Structure formats: C-alpha cells, structure tokens
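Here is the structure we will look at, set down as structure tokens.
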Protein chains: 2
Amino acid sequence: MANSTAVKPAGKRERLVAGARSLIHEQGVQRTTIAEVAERADVPVGNVYYYFKTKDELVGAVVDGYIADIQAALVRLDRHRTPQARLKALVQMWVDQREDVAQHGCPLGSLCSELGKNDGSGLDVDGAEMLRIEVDWAEGQFRSLGRRDARDLAISLLSGIQGAALLANTFREPEILSRQARRLDRWIDSLA
Amino acid sequence: MANSTAVKPAGKRERLVAGARSLIHEQGVQRTTIAEVAERADVPVGNVYYYFKTKDELVGAVVDGYIADIQAALVRLDRHRTPQARLKALVQMWVDQREDVAQHGCPLGSLCSELGKNDGSGLDVDGAEMLRIEVDWAEGQFRSLGRRDARDLAISLLSGIQGAALLANTFREPEILSRQARRLDRWIDSLA
DNA sequence: GTCTATAGACCGATAGAC
DNA sequence: GTCTATCGGTCTATAGAC
C-alpha cells in the first residue's frame with residue numbers, strides 16, 4: 001500500500017498536507033481556503049481534488065500527520081533515563097516553540113479547539129486523538145513513578161501546557177510558556 | 001449616552017448580541033453567519049446592519065458584553081471573606097458550567113483562541129482584555145495572600161482552568177473540569 | 001427606523017480538455 | 001495523471017421602498 005507507483009512523483013500530496021498544516025496553524029481551518037493551500041504547495045488549484053475528495057479529507061490528512069509526528073516525538077522522548085526527565089522533555093517541546101505558539105497558538109490545541117465546534121454539520125474531523133496520545137503517554141510516565149492518580153496527573157500536566165499556550169497566544173507573550181514550564185518542572189520533580 | 005430615545009424599543013440590539021454570543025460559543029465566529037444571528041434574535045436579516053455596521057462590530061459587541069459580565073462576576077466574588085475562598089469561587093464558575101464547556105468549550109477561551117488567528121486581514125477584534133481582567137483580579141488575590149510571585153500564580157491558575165476546559169471539550173468529558181478543579185482548590189489552600 | 005431584495009465577492013467542488 | 005475554466009451555493013454588505 002505504500003508505493004502504488006514506484007517512486008513518489010514529487011511529493012505533491014505531502015506538499016499539500018504540509019501547506020495545509022502551516023496555513024491552518026496560522027489562520028485556522030475555516031479561514032484557510034483550498035486555493036491558498038494549493039498556492040503554498042505550488043500545485044494548481046483544481047488538482048487538489050485529485051488527492052483529496054473534500055476539504056474535510058485534507059484536514060483529516062493534516063490531523064493524521066500530526067498524530068504520526070507526535071508518536072515519533074514521544075518515541076524520541078523515551079530515550080531519557082527517568083520518567084521525570086521524559087516529562088520535563090515533553091514540556092520543553094512547547095518552550096522550544098514558544099515564539100510560534102505565542103504568534104499562532106499551539107498547533108494541536110488551537111486545532112482541537114476549532115474542531116470541537118463541529119456538531120455534525122459542515123466540516124467533521126475528530127482531533128481528540130492528537131491530545132489523547134500525549135495524555136496516555138504522560139499517564140504511563142506518572143505510573144512509572146508509582147502514582148495511582150497517574151491519569152489525573154497526566155491531564156493536569158497537559159492542561160497546564162495547553163492553558164499556558166492559550167494565554168501566551170492571547171497576550172502574545174512567549175515568556176508565559178517559559179515561566180509556566182519552570183513551574184511545571186518543579187511540580188514534576190516534587191512528585192515521585 | 002445611555003438613552004437617546006426614551007425607553008429601549010424592545011431590546012433588538014441586546015437580542016442580537018445575545019444571539020451572536022450563543023452562536024459564536026456553539027459554532028465559532030467564522031461559522032456563524034449574520035443570517036443565523038438575525039434568526040435567533042428574531043430580527044429581519046438586513047436590519048442587523050442598522051445596529052452594527054460590520055460583522056466585526058457585532059463580534060466586538062459580544063466581547064464587550066463578556067467583559068462587562070466578567071467584571072460583574074468578579075465584583076460578586078469579592079464578597080467572599082478570604083482570598084482563598086474568592087479564588088476557589090472563581091474556579092467553581094467553570095465547574096458549574098462544565099456541561100456547556102465540555103460541549104462547546106470555554107466561551108472566553110475558545111473565542112480568544114479563534115481571535116488569536118487574526119493577522120490584520122479579515123476580522124480583527126482583540127479578545128485579550130477578557131482574560132486579562134481575570135488574570136489581574138487573580139493576581140490581586142494572590143498578592144493579598146502575601147505572594148511576591150502573584151502574577152505567575154495568577155497565570156498558572158488561569159492556565160490550569162483554560163487547559164482543563166480545552167481537554168474537557170476535546171474529550172467531551174465534563175468530569176475533567178470537576179477533577180482538575182479539586183486539584184486547583186488543594187493547590188490554592190496549600191499556598192498562603 | 002424597519003424591512004426586502006439583491007448586489008458583489010468568494011469558496012468548495014466539478015466537468016472535461018489535454 | 002494534470003490542469004483550466006467555471007458552476008452553484010453562500011456569505012457580507014448595501015440600496016432603496018415603506
């Protein structure tokens with residue numbers, strides 16, 4: 001299934017997904033048009049529909065791309081020796097992107113927020129899986145620390161991250177992420 | 001300035017703002033059309049533009065309404081005797097609305113998230129003031145507790161609330177708000 | 001002041017040539 | 001497979017009757 005036609009032509013599909021991802025992060029799903037995506041991907045407008053039957057399907061591909069990237073990132077975090085180090089490395093990911101987050105919000109959080117407004121009509125893509133993977137992974141780390149309330153702690157951690165991202169974006173202050181990350185680090189160390 | 005024509009005709013303007021507020025909460029700004037707002041407010045479509053020159057102005061009126069309501073709510077919270085009781089009463093406001101928040105997100109948070117995508121073109125309304133009022137108020141409470149890091153604590157508190165609201169909405173689990181609120185309550189009591 | 005009708009612009013999706 | 005041209009629908013905003 002991974003190669004129906006020898007080698008990929010030029011990665012048009014990949015370029016479309018990448019263009020859609022960045023535009024959706026900057027403008028949101030609703031404000032992003034197929035024409036804009038095609039232009040950023042350097043693909044003729046009408047050709048988009050050869051790769052994606054609907055705009056929904058394109059957004060779905062963006063979500064799937066995020067899921068794959070998140071899983072890969074979490075595997076990389078597993079290399080750290082202790083659960084504490086892994087959890088702090090997770091927090092650090094948002095600090096590293098603080099400028100981008102302050103400018104356009106957390107790519108995952110703001111996308112989930114927008115997709116949460118879907119009530120069946122119009123666009124209908126489920127973004128919950130993106131955050132669920134992170135919560136599940138964090139829960140596993142807290143459980144390695146011997147915490148019975150691992151699930152709640154995981155939700156607390158992701159809440160703290162996502163909330164800080166929202167405030168950093170609303171106030172356009174990347175330092176909010178740095179400062180809240182320091183607090184979360186201390187909180188992680190205080191557990192065990 | 002509060003009464004140019006004796007008594008309000010029938011509160012059409014108020015009904016429009018109320019309709020816009022609920023529709024924006026349910027669907028977001030972009031997906032909400034003037035026609036829908038007019039219908040929910042029981043006002044003829046074209047008449048909306050007599051009260052609001054543009055859609056932007058209508059959204060701005062919704063934001064102003066939120067700001068007024070927030071300020072009134074915070075004044076009510078000031079009745080509690082201790083800063084801790086006031087802060088916990090603030091958290092409780094989201095718990096009381098947990099079903100609505102799980103269904104459509106925090107009205108303020110999701111609106112700020114969407115307005116944060118505005119980059120000058122298209123709609124341009126600033127929603128930061130809504131959250132700033134809450135952060136400022138919480139900062140004052142923490143300062144009453146003698147905390148030097150009152151600003152950071154206030155941002156931590158609002159981050160925790162907004163993050164929990166985002167996860168509760170994404171996973172459609174109102175209990176996330178209840179459980180995170182209990183954690184925030186304990187955290188507030190542990191300070192001082 | 002109130003309402004109808006519609007202009008004008010834009011977008012998602014399709015048809016069909018190559 | 002690739003691309004152009006365009007349809008049909010929807011939205012904001014306005015013009016103008018009452």
Side-chain angles (χ1 to χ4, degrees), chain A residues 1-17 19-21 23-24 26-63 114-115 117-125, chain B residues 1-17 19-20 23-24 26-62 114-115 117-125:
Chain A
M1 264 302 194
N3 252 338
S4 58
T5 58
V7 187
K8 292 163 192 167
K12 281 194 183 179
R13 200 193 134 97
E14 286 80 356
R15 267 167 24 225
L16 285 170
V17 174
R21 183 200 283 221
L23 279 166
I24 286 172
E26 294 164 16
Q27 307 180 329
V29 175
Q30 289 289 328
R31 291 172 56 108
T32 297
T33 68
I34 300 283
E36 283 175 317
V37 173
E39 189 186 359
R40 183 163 296 200
D42 204 32
V43 167
V45 203
N47 200 355
V48 175
Y49 288 93
Y50 173 73
Y51 296 97
F52 305 97
K53 277 195 278 283
T54 63
K55 186 180 179 182
D56 258 43
E57 218 174 279
L58 177 56
V59 176
V62 169
V63 170
E114 191 173 358
L115 294 178
K117 301 290 188 192
N118 292 344
D119 53 333
S121 72
L123 296 174
D124 212 352
V125 179
Chain B
M1 264 304 192
N3 253 337
S4 57
T5 58
V7 187
K8 292 164 193 165
K12 281 193 184 181
R13 200 193 134 97
E14 287 79 357
R15 262 158 38 215
L16 285 169
V17 175
L23 278 166
I24 286 172
E26 294 164 17
Q27 307 180 329
V29 175
Q30 290 288 328
R31 291 171 56 110
T32 297
T33 70
I34 300 284
E36 282 174 317
V37 174
E39 189 186 359
R40 183 164 297 200
D42 204 32
V43 168
V45 202
N47 200 354
V48 176
Y49 288 93
Y50 173 73
Y51 295 97
F52 304 97
K53 277 196 279 282
T54 63
K55 185 181 179 182
D56 259 43
E57 218 173 279
L58 177 56
V59 175
V62 169
E114 191 172 359
L115 294 178
K117 302 288 188 193
N118 292 345
D119 54 331
S121 72
L123 296 174
D124 212 351
V125 179

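Just so we're clear, the structure is a prediction, and the values are computed from it rather than from any experiment. First the proteins, then the strands, lettered A, B, ... as listed; each starts at 1.
When the C1' atom of dC3(D) is taken as reference, atom CD of E39(A) falls 16 Å away, rounded to whole Å. The interatomic distance linking F52(A) (CZ) with dT14(C) (P) rounds to 15 Å, in whole Å. E36(B) has its CD atom 11 Å from the C1' atom of dT10(D), to the nearest Å.
Going from atom CG of L23(B) over to atom CZ of R31(B) covers 11.5 Å, rounded to the nearest 0.5 Å. Atom CD1 of I24(A) is separated from atom CG of L115(A) by 8.5 Å, given to the nearest 0.5 angstrom.
Considering all non-hydrogen atoms of both residues, G19(B) and V37(B) come closest at C-CG1, 4.4 Å. A pairwise comparison of heavy atoms in V62(A) and A20(A) identifies CG2-CB, 3.6 Å as the closest pair.
Within the 4.5 Å cutoff, the side chain of Y51(B) has no heavy atoms near those of the E57(B) side chain. Two residues are said to be in side-chain contact when any heavy atoms from C-beta on lie closer than 4.5 Å; Y49(B) and I34(B) meet this criterion.
Atom CD of E39(A) is surrounded by 12 or fewer heavy atoms from other residues, nucleotides or ligands within 6.0 Å.
Rounded to 10°, the angle separating the first-five-pair axis and the last-five-pair axis of the helix from dG1(C)-dC18(D) to dC18(C)-dG1(D) equals 10°.
Not one side-chain nitrogen or oxygen of Y50(A) sits closer than 4.0 Å to the OP1 or OP2 atom of dT2(D). Under 4.0 angstrom from either OP1 or OP2 of dG1(C) there lies no side-chain N or O belonging to Y51(B).
Judged by distance alone, the side chain of E114(B) and the main-chain N or O of V29(B) form a donor-acceptor pair under 3.5 Å.
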Between the protein and nucleotides 12-14 of chain D, list the N/O to N/O atom pairs that are separated by less than 3.5 angstrom.
unit_1, atom_1, unit_2, atom_2, d
dT12(D), OP1, K55(B), NZ, 3.2
dT12(D), OP2, I34(B), N, 3.0
dA13(D), OP2, Y49(B), OH, 3.3
dA13(D), OP2, K55(B), N, 2.8

